[in-house]
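These notes are about the structure you will find just below.
Values below: all heavy atoms of this structure, side chains included; hydrogens, waters and symmetry mates excluded. Chain naming here is simple, since letters A, B, ... match the order of the sequence lines and numbering starts at 1 in each. Every value quoted in this text rests on a predicted model; they were computed, and no experiment measured them.
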Protein chains: 2
Amino acid sequence: MPHDDAIAATFAPHDHQQCASRVLDEAATRLAGQGARLTPVRRRTLEILLESHRAMGAYEVLDRLAAEGFGRQPPVAYRALEFLVTHGLAHRLQRLNAFAACLHPGHDHHPAFLICRSCDKVAEAAAAPIRDALTAVAAQGGFRVERATVEALGLCATCAEEGVA
Amino acid sequence: MPHDDAIAATFAPHDHQQCASRVLDEAATRLAGQGARLTPVRRRTLEILLESHRAMGAYEVLDRLAAEGFGRQPPVAYRALEFLVTHGLAHRLQRLNAFAACLHPGHDHHPAFLICRSCDKVAEAAAAPIRDALTAVAAQGGFRVERATVEALGLCATCAEEGVA
DNA sequence: GTTGACTTGTTATGCTGTAACACACAGAAC
DNA sequence: GTTCTGTGTGTTACAGCATAACAAGTCAAC
Ligand SMILES: [Zn+2]
Ligand SMILES: [Zn+2]
Ligand SMILES: [Zn+2]
Ligand SMILES: [Zn+2]
C-alpha cells in the first residue's frame, strides 16, 4: 500500500534514477517468483514507462520501441503493455487511454489514480478507503462491486506551489 | 442526489415507459430554463439512450439515428451526445467508451456508476461519500481533486438473485 | 532432434473520435 | 422585407486507439 507521502513523492522532484531502478528490480524479482519472463521488449517497455511519472499512449511507446529496433506494429506495444498490466507492473488509465508503470508492484493492484492536469504526472493513492465507501453505497442498492476504476483529475502540490491555477 | 433505493430501482423490473418519459419531461423543462434547444436529433438521441438503462456506444446511437432519417456520419451522433452530456442529461462512461442517459438530471452531475457485468445496466450512485474519501486521501499527498471518475463493475441484485455467478 | 508452449513479428482491419467545410434556418438589425 | 449573424446539421476526410489472424523464431522437455 502506498505510504501517506507516496503521493507527494511522486510529484515532487526526487532522485528518479533510483526510483526507476528500484521498481525495475522489484519487477524482475517479482516476475522470477511467478515464473514469468521479463523479455527484452517487455523490459524495455517497462523502462520506457519508468522514464517519467507520466502515462504514455500505446503508440507513443511503440514509436520508442520501433526506434530501438523492435517491431513497429501496434501489437508489439499492446502485447508488452498487456503483459505488464497482467502481472501488476503497469496500470491502464481509462480516462487517458494510456499506461503508467506501477510504482509499488505487488501491493495494491487497483489503486486510485491522481492525475495532475498541469504536469501530467500520475500518482497512485491507497484505494481501500475509497473502495470501502463505494462498496457501502453500492451495497445499499444490492449491488456487489467487483472491480472499481477511480481516477481523479486535479492539481498536485508541486504545481500548486508554482502558482498554477 | 439519488435516493438510497435508486440503485435497486434501476436494476429491478419497473414501469420503464414512465421512467423514461419522466426523465424526458424533466430534461425538456430543464433545458427550457437554460435557453438551450432540445432539437429533433438531440431529443431523439436522448430517447434512444432512455430506451434501456444500458450505456450505448456513439456508433450504435448513430446507426439508430441514421435509420430514422438523420445524418449518418459520426459527428451527428457525437455532437448530440456532447450536447446532452454538457447539459447534464447524459453521462459518458470511460470504461465502456459509451453514453447513458442521466436518470436524475439536475442533481449530482458527477455520480459514481455501477455497471452490472451480467445485464449491462448502469446505475448512478451518490458520489459524495466516495468523493470525500478520495479527496481526503489525495489531500494527505497535497493533491487537490477537481474531477473524479468512479466506475464500478460488478453484479446487481436482480442478476445475483437469478443465480448469476 | 522432435514436440509443444510461448514469444515476437507481420498484414489487415475494426472501433472510437475530431477537424474542416458547406449549407439551412431562425431571429435581430436595418 | 432584406441583410446580417449565430447556431445547428449535414458532409468528407482523417487521426488515434485496439485487435484478429497468421507466420516464424526460441527454447526447455522429452
Ligand atoms: Zn520517480
Ligand atoms: Zn503537477
Ligand atoms: Zn427505467
Ligand atoms: Zn444485472
Side-chain angles (χ1 to χ4, degrees), chain A residues 27-28 31-32 34-49 54-87 89-100 115 120 149 151, chain B residues 27-28 31-32 34-49 54-87 89-100 115 120 149 151:
Chain A
L31 285 181
Q34 299 178 227
R37 295 167 53 199
L38 188 59
T39 61
V41 213
R42 292 169 178 173
R43 182 186 182 91
R44 195 68 197 107
T45 300
L46 182 54
E47 287 172 356
I48 289 170
L49 289 182
R54 291 187 311 107
M56 294 180 78
Y59 279 68
E60 198 179 346
V61 171
L62 177 59
D63 284 346
R64 295 288 308 276
L65 291 174
E68 298 177 19
F70 295 100
R72 49 187 60 257
Q73 303 306 321
V76 170
Y78 279 101
R79 281 197 290 237
L81 289 165
E82 184 191 16
F83 172 89
L84 295 176
V85 170
T86 298
H87 290 79
L89 305 180
H91 299 289
R92 172 180 219 128
L93 289 134
Q94 305 284 346
R95 272 191 93 101
L96 306 177
N97 291 327
F99 301 82
I115 307 164
D120 287 331
T149 300
E151 301 179 5
Chain B
L31 286 181
Q34 299 179 227
R37 295 167 52 199
L38 188 58
T39 61
V41 212
R42 291 170 179 174
R43 181 183 183 92
R44 194 71 197 106
T45 300
L46 181 53
E47 288 172 357
I48 290 170
L49 290 182
R54 290 189 311 107
M56 296 180 76
Y59 280 70
E60 197 178 347
V61 171
L62 177 59
D63 285 347
R64 294 288 308 277
L65 291 174
E68 298 176 20
F70 294 99
R72 50 185 62 258
Q73 303 306 321
V76 170
Y78 279 102
R79 280 195 290 234
L81 290 166
E82 186 190 16
F83 173 88
L84 295 176
V85 169
T86 299
H87 290 80
L89 305 180
H91 299 288
R92 174 181 217 126
L93 289 133
Q94 306 283 347
R95 270 191 95 100
L96 308 177
N97 290 328
F99 300 82
I115 306 164
D120 286 332
T149 300
E151 301 179 5

Between [N] atom [atom2] and [X] atom [atom1], what is the distance in whole Å?
{"X": "B:Arg37", "N": "C:dC25", "atom1": "CZ", "atom2": "P", "value": "12 Å"}
{"X": "A:Gln94", "N": "C:dG17", "atom1": "CD", "atom2": "P", "value": "12 Å"}
{"X": "A:Leu62", "N": "D:dT19", "atom1": "CG", "atom2": "P", "value": "14 Å"}
{"X": "A:Glu60", "N": "D:dC17", "atom1": "CD", "atom2": "P", "value": "9 Å"}
{"X": "A:Tyr78", "N": "D:dA21", "atom1": "OH", "atom2": "P", "value": "18 Å"}
{"X": "A:Arg44", "N": "C:dT8", "atom1": "CZ", "atom2": "P", "value": "15 Å"}
{"X": "A:Phe83", "N": "D:dA18", "atom1": "CZ", "atom2": "P", "value": "20 Å"}
{"X": "A:Arg72", "N": "C:dG9", "atom1": "CZ", "atom2": "P", "value": "11 Å"}

- [ ] Would you kindly check whether a donor in the side chain of B:Tyr59 faces an acceptor in the base of C:dG14, or vice versa, at under 3.5 angstrom?
- [x] no
Indicate yes or no: at least one non-hydrogen side-chain atom of [X] is less than 4.5 angstrom from one of [Y].
{"X": "B:Phe99", "Y": "B:Val85", "result": "yes"}
{"X": "B:Arg42", "Y": "B:Arg37", "result": "yes"}
{"X": "B:Glu151", "Y": "B:Thr149", "result": "yes"}
{"X": "A:Leu49", "Y": "A:Leu81", "result": "yes"}

TODO: May I ask you to say what A:Phe70 touches in the nucleic acid, namely base, sugar-phosphate or nothing, with a heavy-atom cut-off under 4.0 Å?
DONE: sugar-phosphate
TODO: Would you classify A:Arg79 as touching base, sugar-phosphate or nothing, given that sugar-phosphate means primed atoms plus P, OP1 and OP2, and contacts are heavy atoms under 4.0 Å?
DONE: base
Is the phosphate of [N], meaning OP1 or OP2, less than 4.0 Å from a side-chain N or O of [X]?
{"X": "A:Arg92", "N": "D:dA18", "answer": "yes"}
{"X": "A:Arg42", "N": "C:dT8", "answer": "yes"}
{"X": "A:Asn97", "N": "C:dT16", "answer": "no"}

- [ ] Take A:Gln73 and B:Ala58, find for each the nucleotide of DNA chain C with the closest heavy atom, and name the residue whose nucleotide sits nearer the 5' end.
- [x] A:Gln73
Task: Minimum-distance nucleotide to A:Val41 side chain [options: D:dG8, C:dT18, C:dT8] - done: C:dT8
Open item on the list: Quick test of your reading of the model: are B:Arg44 and B:Glu47 salt-bridged, counting only N-O distances below 4.0 Å?
Closed with: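 Here B:Arg44 pairs with B:Glu47 in a salt bridge, since their nearest N and O are under 4.0 Å apart.
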